[in-house]
Amino acid sequence: MINQQVISGLVLVSDGEFGCYPYLESLKSFLPIVDELVVLINRYPKKDGTIEKLQELQKQNKKIRLVPVVFDIEKYHWAAYGIARGWGYQACKGDVVLMFDCDGVLHEKEEVLLRNNIGHFINEGWATGYWEKHRLYKPELYYPQHKHSGIYSKKLLGDRLDFLRDDEKGAPNFDRLAQKEQHSYKFSVTLFGYEHVWDTEEVLRYKVNRYGVMLDTIHRKSLRTSDEYFNEYMKELVVKVNKDGKHMPLEKHTKIMQEKVRNVTEEHFGFNFFDYK
């Protein structure tokens, strides 16, 4: 509880083991901050052991509530996120809802800063906020990644919130919070993202192909082959890493992630990731 208000965490976890997401570390990093943690789980997941591990974590920490939702990304594309998060937002019992991704990890050194930010957010009467900084980690390198998962005052906004854009794209609206059309509080807290660090090439291709189809739907492009999606993504990523990448010593990672990243190398994917042409 911060400034007499209950703080809820909200995160969607689907196919966490198959997708190589550090979802357990992500949840554990936020538990010291929140009074409850609502974890949205797919009603129709892959049988990869994710649900069982979440249930075991729930037994260890009573702050966690598992809420089943329909998350059909193949059918509903980007709208699937908005639909699931809308249900999750309603399920949250807190006055303030912190929404984050299951590959996002809060550094232990940021806990005090986050508490202070939440306090200012409450005291100054803000309705919405967004995470200002993300760092997406690759083996030995990191570069800035911009996601704007939202922070919401349920006390001011009410029990229902639309996480779908009004236009035909159907993308969740949390990525608009940093834009001028919605005045929001900027949380000066860095979240560290580890989405692709442990991906095999098979998993990476699966993710890139799935999201590539979704982006083509939004941009009204003709559907391309899986290899075309993958090659385009890799070329763009290598440019970003070469331009913005910096060395990241192990001791700078969050403590909860250090053992997990200790043995990761550039060749983890089965090919030299950063020399990809």
Side-chain angles (χ1 to χ4, degrees), residues 7-34 36-58 60-61 63-73 78 80-89 91-92 97-108 110 114 130-131 133-138 142 145-152 163 171-172 174-175 187 189-200 203-204 206-208 210-211 214 253-254 256-257 260-261:
I7 311 302
S8 296
L10 177 60
V11 60
L12 170 66
V13 179
S14 180
D15 310 328
E17 291 295 313
F18 172 79
C20 303
Y21 297 112
Y23 61 98
L24 295 176
E25 290 80 6
S26 176
L27 271 57
K28 291 176 183 178
S29 73
F30 276 91
L31 280 171
I33 299 294
V34 302
E36 67 160 2
L37 182 49
V38 174
V39 182
L40 306 177
I41 56 174
N42 193 355
R43 286 185 181 272
Y44 309 103
K46 295 182 183 296
K47 295 181 179 180
D48 63 350
T50 298
I51 301 300
E52 290 77 9
K53 290 188 176 183
L54 287 172
Q55 290 171 338
E56 185 61 33
L57 184 62
Q58 184 183 34
Q60 300 170 16
N61 196 302
K63 289 183 180 181
I64 295 174
R65 284 198 293 125
L66 303 182
V67 177
V69 295
V70 175
F71 182 66
D72 191 340
I73 196 170
W78 293 111
Y81 289 96
I83 294 168
R85 284 167 170 152
W87 281 107
Y89 177 83
C92 289
V97 178
L98 307 180
M99 189 170 69
F100 56 97
D101 293 330
C102 70
D103 67 311
V105 180
L106 178 68
H107 200 291
E108 64 275 1
E110 299 277 85
L114 178 53
Y130 67 97
W131 305 105
K133 304 173 185 176
H134 278 75
R135 290 291 183 267
L136 178 65
Y137 287 92
K138 301 294 178 188
Y142 74 92
Q145 180 193 41
H146 301 288
K147 294 183 179 179
H148 299 290
S149 298
I151 298 95
Y152 306 96
F163 285 87
F174 56 80
D175 64 347
F187 276 64
V189 176
T190 301
L191 298 186
F192 301 136
Y194 295 88
E195 181 178 359
H196 294 312
V197 177
W198 296 274
D199 286 352
T200 63
V203 172
L204 183 61
Y206 171 80
K207 291 180 179 178
V208 170
R210 183 170 69 173
Y211 289 108
M214 290 162 61
H253 287 266
T254 64
I256 200 170
M257 294 298 297
K260 202 172 179 70
V261 303

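- Contact check for Leu191 versus Phe30: side-chain heavy atoms found under the 4.5 Å cut-off.
- Under the 30°/60° scheme for interplanar angles, the aromatic rings of Tyr194 and His253 are found to be tilted.
- A side-chain contact (heavy atoms from CB on, under 4.5 Å) with Tyr21 is found for exactly one of Thr50, Asp101, Val13, Asp103, namely Asp103.
- Between Tyr44 and Asp72, every side-chain heavy-atom pair lies at or beyond the 4.5 Å cut-off.
- Minimum interatomic distance between Phe192 and Thr254 (heavy atoms only, all atoms of both residues): CD1-CG2, 3.5 Å.
- Between the CG atom in Leu24 and the CG atom in Leu57 there is a gap of 6.0 Å [rounded to 0.5 Å].
- Between Thr190 and His107 the shortest side-chain heavy-atom distance does not fall below 4.5 Å.
- Between Cys102 and Ser26, the closest heavy-atom pair is O-CB, 3.5 Å.
- In this structure, Lys28 has no side-chain hydrogen bond (donor to acceptor under 3.5 Å, both in side chains) partners at least two apart in sequence or on a different chain.
- Contact of the Ile83 side chain with the Val69 side chain is not registered, since no non-hydrogen atoms from C-beta on lie closer than 4.5 Å.
- In this structure, the ring-ring contact (aromatic ring centres under 6.0 Å, His included) partners of Tyr206, at least two apart in sequence or on a different chain, are Phe18.
- Nearest heavy-atom pair, Glu36 versus Ser8, reported as atom, atom and distance to 0.1 Å: OE2-OG, 2.5 Å.
- Residues Asn42 and Leu12 fail the side-chain proximity criterion, which asks for heavy atoms closer than 4.5 Å.
- Leu66 contributes atom CG, which lies 6.0 Å from atom CG of Leu54 (distance to the nearest 0.5 angstrom).
- Using a 4.5 Å cut-off on side-chain heavy atoms (C-beta onward), Leu40 and Leu10 make contact.
- Scanning for side chain to side chain contact (heavy atoms under 4.5 Å, CB included) contacts around Val34 gives Ile7, Leu37, Leu98, with sequence neighbours left out.
- Shown here are the side-chain hydrogen bond (donor to acceptor under 3.5 Å, both in side chains) partners of Asp15, two or more places apart in sequence or in another chain: there are none.
- Scanning both residues, Ala91 and Arg65, for their nearest heavy atoms gives O-NH2, 2.6 Å.
- When all heavy atoms of Met99 and Tyr152 are compared, the pair lying nearest together is CE-OH, 3.8 Å.
- When all heavy atoms of Pro22 and Lys260 are compared, the pair lying nearest together is CB-CE, 4.1 Å.
- Residues satisfying the side-chain hydrogen bond (donor to acceptor under 3.5 Å, both in side chains) criterion with Ser29, sequence neighbours excluded, are absent altogether.
- Ring pair Phe71/Tyr81: centre-to-centre distance below 6.0 Å.
- In this view, Glu17 and Tyr23, Lys53 satisfy the side-chain hydrogen bond (donor to acceptor under 3.5 Å, both in side chains) rule, not counting sequence neighbours.
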